[in-house]
There are 2 protein chains.
Amino acid sequence: MVQTGPNPSSGENLLFLTDEQLRKGIEAMFFAYRGFTADPDRILEEYGYGRAHHRALHFINRSHATTVNNLLATLGVTKQSLNRVLRGLIADGLVEARVGRTDRRERNLFLTDTGQELERQLAEAQRVRMRAAYRAAGPQAVAGFRQVLEAMMDDDIRNTYQSLRDGR
Amino acid sequence: MVQTGPNPSSGENLLFLTDEQLRKGIEAMFFAYRGFTADPDRILEEYGYGRAHHRALHFINRSHATTVNNLLATLGVTKQSLNRVLRGLIADGLVEARVGRTDRRERNLFLTDTGQELERQLAEAQRVRMRAAYRAAGPQAVAGFRQVLEAMMDDDIRNTYQSLRDGR
DNA sequence: AATGTTACGTCAGCCTTGTTGACATTCCAA
DNA sequence: TTGGAATGTCAACAAGGCTGACGTAACATT
């Protein structure tokens, strides 16, 4: 145990750092993530896709003409794992892989019109829930939400996130 | 698109509800959840367990003498999936399943001393990161963080969460 | 020009963790 | 006594991670 009772430190009240408070945050993360993925999951199932496909579509859409290596770093999976997913999306005509201009070893990834359509459908489903949550909690809560999440990321991932956040 | 520009509504600034802001929250959730699970995952690997084992240990620890059905509802998986995990934990002497007193069909689940030890190790690893994130973001941000997460949950899960949160 | 490195794809095999379906057992309750 | 609930278990399957190995093309360096 690290904080089992009221603990004034540097003249501040650190009650929010008790193990109890941390536990609530941990359980909230677990349950909230289920909600976070629930709506896209339902849509994906209709198309015979999984979460991995959603993630690929999302980040290809976010970073037009991104390379495979780039996507690997963002998603944090192996190339074999990503390749399985990409192969399906390319075969189904949702993603296009064009040979790189400057470096012909690279593949620049794009969403086709069909791909963009599915991505938009998934994103909108997820946004509906987020929008409701944001609205219910209010702007100040949203700011705190984002701050804590950002502080929770691994350092290298936070860099990736911030680049994306700030519009590349 | 639902919010593409400044949108005063009811005399309030709802800038935080733009698709851009929602997207940042969505990506933050994705990346933060990776960090959230990273530390326990490393420990679990040493013992040959996975995330499913962590979740079982956590909620058995939280709700002493809980039943299997109860745990199923909390975890949101099938009994077959949970049973596989429980079987392993029981075989390894981390969990004990005692026949229910009032209803002998039920199994009351407990952590053994060994089970408690691993649970504590996993929880502490996760708390270290949460504590750092909470500290970095501050008490007001933490309150907002929890508010948004709670609003993001499915209704039935939110009830489960709130019961646990308020100490059963 | 030769050699090394990088980017990517692919095959094979393995693991965890989720699913469905079917069936047996036990035991409470009507 | 009988129906249904709670539990366990077997089998089969799928998604999506992983490692290791190998091949090819293209770029980079010497």
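From a predicted model like this one, the values you see are computed outputs, not experimental measurements. In what follows, every heavy atom counts, from backbone to side chain, and hydrogens, waters and symmetry copies are set aside. Naming: A, B, ... by sequence-line order, numbering from 1 per chain.
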Just to verify, which of B:Arg62, B:Arg55, B:Arg165 counts as forming a salt bridge (charged side-chain N to carboxylate O under 4.0 Å, His left out) with A:Glu27?
B:Arg62
Starting at atom CZ of A:Arg55, determine the distance to atom C1' of D:dA15, rounded to an integer number of angstrom.
11 Å
Using the ring of each side chain (for Trp, its six-membered ring), is B:Phe31 parallel, tilted or perpendicular to A:Phe59, with breaks at 30° and 60°?
tilted
Length of the OH-C1' vector between A:Tyr49 and D:dA14, whole Å:
16 Å
Of the listed nucleotides C:dT17, C:dC8, D:dG8, the one nearest the side chain of B:Arg51
C:dT17
Does OP1 or OP2 of D:dG8 have a side-chain N or O of B:Arg107 closer than 4.0 Å?
yes
Considering only heavy side-chain atoms of B:Thr78, the closest of D:dT19, C:dT20, D:dG17 is C:dT20
Nearest to the side chain of B:His53, which nucleotide is it out of D:dG16, C:dA7, C:dT17?
C:dT17
Looking at every non-hydrogen atom in both residues, tell me the closest pair between B:Met130 and A:Gly25 and how far apart they are.
CE-C, 3.7 Å
Considering only C:dC8, D:dG8, D:dG16, which nucleotide approaches the side chain of A:Arg84 most closely?
D:dG16
Is the shortest side-chain N/O distance from A:Asn83 to OP1 or OP2 of C:dC8 below 4.0 Å?
no
base_contact_polar (C:dT6 base, A:Arg105 side chain, donor-acceptor, <3.5 Å)
yes
Just the rounded figure in Å: distance from C1' of C:dT5 to CG of A:Asp103.
12 Å
Among B:Glu119, B:His58, B:Glu96, the one residue meeting side chain to side chain contact (heavy atoms under 4.5 Å, CB included) with B:Leu111
B:Glu119
In this structure, how many angstroms lie between the C1' atom of C:dT17 and the NE2 atom of B:His54, rounded?
16 Å
What is the separation between atom CG on A:Leu82 and atom C1' on C:dT10, rounded to the nearest whole Å?
13 Å
Using side-chain heavy atoms (C-beta onward) and a distance below 4.5 Å, is A:Thr37 in contact with A:Arg129?
no
For B:Gly88, answer base if it contacts any base atom (sugar-phosphate contacts may also be present), sugar-phosphate if it contacts only those atoms, and nothing otherwise; contact means non-hydrogen atoms under 4.0 Å.
nothing
If we count only N and O atoms by modelled type, under 3.5 Å, do the side chains of A:Asp92 and A:Tyr49 hold a donor and an acceptor together?
yes
Return the nearest nucleotide to the side chain of B:Arg87; candidates are D:dC10, D:dC22, D:dT7.
D:dC10
Record whether the side chain of A:Gln80 comes under 3.5 Å of the base of D:dG20 through a donor-acceptor pair of N or O atoms.
yes
When the distance from CG of A:Leu72 to P of D:dG17 is rounded to whole Å, what number comes out?
12 Å
Output the single nucleotide from C:dG18, D:dC22, D:dA6 whose closest atom is nearest the side chain of B:Ala52.
C:dG18
Nearest-Å distance, NZ (A:Lys79) to C1' (D:dG16)?
18 Å
Which nucleotide in C:dG9, C:dT10, C:dC28 has an atom nearest any side-chain atom of B:Arg104
C:dC28
Rounding to a whole Å, what distance do you find between B:Arg42:CZ and D:dG17:P?
18 Å
Whichever of B:Gly48 and A:Leu86 has its nearest DNA chain C nucleotide further upstream toward 5'
A:Leu86
Does D:dT7 have its OP1 or OP2 closer than 4.0 Å to a side-chain nitrogen or oxygen of B:Asn69?
yes
I want to verify a distance call: between D:dT7, D:dG16, C:dT19, whose nearest atom is closest to the B:Val68 side chain?
D:dT7
